[in-house]
Q: 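Got a structure here, written out as structure tokens. Questions coming.
We count ligands from 1, going down the list as the structure has it; atoms in each ligand are counted the same way.
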Amino acid sequence: MNNLTHLIDKLNSEHILSKAEFTELIGNHSPEDAKYAAKLARSICDHWYGKKIYLRGLIEFTNFCKNDCLYCGIRRSNQKGDRYRLTKDEILECSDMGYDLGFRTFVLQGGEDLHYTDEIMCDIISSIKSRHPDTAVTLSIGEKTYDQYKKYFDAGADRYLLRHETANETHYSKLHPKEMSLTNRKQCLFDLKEIGYQVGTGFMVGSPYQTPEYLAEDFIFIHNLQPAMVGIGPFVVHHDTPFKDKKNGTADLTTFLVSLLRIMLPYALIPATTSLGTIDPQGREKGILAGANVLMPNLSPTSVRKKYMLYDNKICTGDEAAECRLCLKNRIEAIGYETVIDRGDVAVTPLD
Ligand code: SAH
């Protein structure tokens with residue numbers, strides 16, 4: 001019988017494990033170990049954040065991308081994708097509507113689209129902040145230079161999401177084209193932190209060629225970065241990518257890793273992601289119950305929703321933002337939590 005609860009306890013007291021210990025725990029845990037980790041993770045999350053679940057309104061403003069990540073449906077080589085860009089006015093309309101629905105964080109996410117110059121991005125950021133000064137603006141627009149990140153920060157951006165995707169060089173090179181580098185991506189994350197952003201990183205669970213050892217390296221990298229936010233979700237196949245015949249990640253492994261992240265970084269903002277909700281109808285609830293405390297519903301206009309297809313069968317692509325808001329509120333209340341109107345900044349002290 002496998003019982004690895006001693007490693008879960010050690011992670012709880014020391015907030016780090018050796019690479020060998022992480023590998024053992026991730027590769028050989030039992031369903032009972034996962035239950036034990038979820039219970040502990042949830043109690044830690046309740047201690048820091050109570051029953052509050054924070055909402056981020058996701059505005060997917062462009063699906064043009066200069067990159068060619070092998071797993072991603074909006075990679076530049078995908079000729080079948082129907083490309084779109086939102087104008088500044090359309091983005092502002094999304095944020096106005098989101099504000100009325102109670103969102104106090106807007107996440108601007110997109111492919112790496114050179115149409116949006118720094119001037120255009122800064123104008124969009126400062127316009128949202130001047131219309132809604134009590135909100136946070138989060139960017140998720142990929143790898144830029146230090147100076148670019150600084151400009152966006154000075155224009156009012158508060159947070160930045162940039163998943164490292166995998167902390168292992170060999171694995172990174174199997175998921176990305178030659179011209180992309182893990183060293184650069186990691187440097188971006190340290191630059192963002194130095195500038196003063198609340199930084200989020202993360203990875204896909206069950207991405208092709210991933211091993212427990214690589215995941216152990218992800219945990220050690222995240223521990224060294226000490227990000228405010230960590231987003232993980234299962235890899236989900238997109239049928240027009242080179243990974244079309246690969247397997248999806250699983251909800252079980254994703255939720256277990258959510259629990260380990262919560263135990264390692266007690267204060268972190270951790271979303272129950274859309275991809276988790278895509279591979280399991282109860283995925284987002286399971287994510288919350290395993291220690292997540294953030295949800296990122298879509299605010300993009302319904303006319304473009306189906307076009308931001310990073311992977312197949314993405315959920316909620318037909319719903320109006322107000323419907324998503326209500327649906328999530330009900331789902332979260334059904335499991336004993338509440339969605340709140342709050343910027344939801346990273347906690348610096350526990351509740352008690
Ligand atoms: N261009 C931005 C935003 C990328 S999309 C950037 O580079 O950061 C946001 C995240 O979606 C990615 O970081 C990746 O981890 C995830 N993603 C992409 N394709 C996916 C797939 N097929 N399955 C699951 N997640 C995927």
Q: Among K39, K52, R262, K51, which residue satisfies the salt bridge (charged side-chain N to carboxylate O under 4.0 Å, His left out) criterion with D46?
A: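 Exactly one option meets the salt bridge (charged side-chain N to carboxylate O under 4.0 Å, His left out) with D46, and it is K51.
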
Q: Could you give me the CA-CA distance, side-chain angles and deciding distance for D158 and K129, then say whether side-chain contact (heavy atoms from CB on, under 4.5 Å) is met?
A: CA-CA 10 Å; D158 304 271; K129 293 291 286 207; 2.7 Å; yes

Q: Keeping the roles fixed (side chain from R75, backbone from C69), state whether a donor-acceptor pair exists under 3.5 Å.
A: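 Yes.
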
Q: Could you tell me, for ligand 1, which of its N or O atoms are under 3.5 Å from any protein N or O, listing the pairs and their distances rounded to 0.1 Å?
A:
from, atom 1, to, atom 2, distance (Å)
ligand 1, 1 (N), G110, O, 2.9
ligand 1, 7 (O), R185, NH2, 3.3
ligand 1, 8 (O), R185, NH2, 3.3
ligand 1, 13 (O), E165, OE2, 2.5
ligand 1, 15 (O), R163, NH1, 2.9
ligand 1, 15 (O), E165, OE1, 2.7
ligand 1, 15 (O), E165, OE2, 3.4
ligand 1, 22 (N), Y71, O, 3.0
ligand 1, 22 (N), V236, O, 2.7
ligand 1, 22 (N), L310, O, 3.4
ligand 1, 23 (N), V236, N, 3.0
ligand 1, 23 (N), V236, O, 3.4

Q: May I ask you to decide whether R104 forms a salt bridge with D342, counting only side-chain N to carboxylate O separations under 4.0 Å?
A: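 No, this pair does not count.
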
Q: Using the test salt bridge (charged side-chain N to carboxylate O under 4.0 Å, His left out), find all partners of K307 that sit at least two apart in sequence or belong to another chain.
A: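 Result, salt bridge (charged side-chain N to carboxylate O under 4.0 Å, His left out) vs K307: D82.
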
Q: Within 45° of the ring axis of Y99 and under 6.0 Å from its six-membered ring centre, is that where the NZ or CZ of R131 lies?
A: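 The answer is no, since R131 fails at least one limit relative to Y99.
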
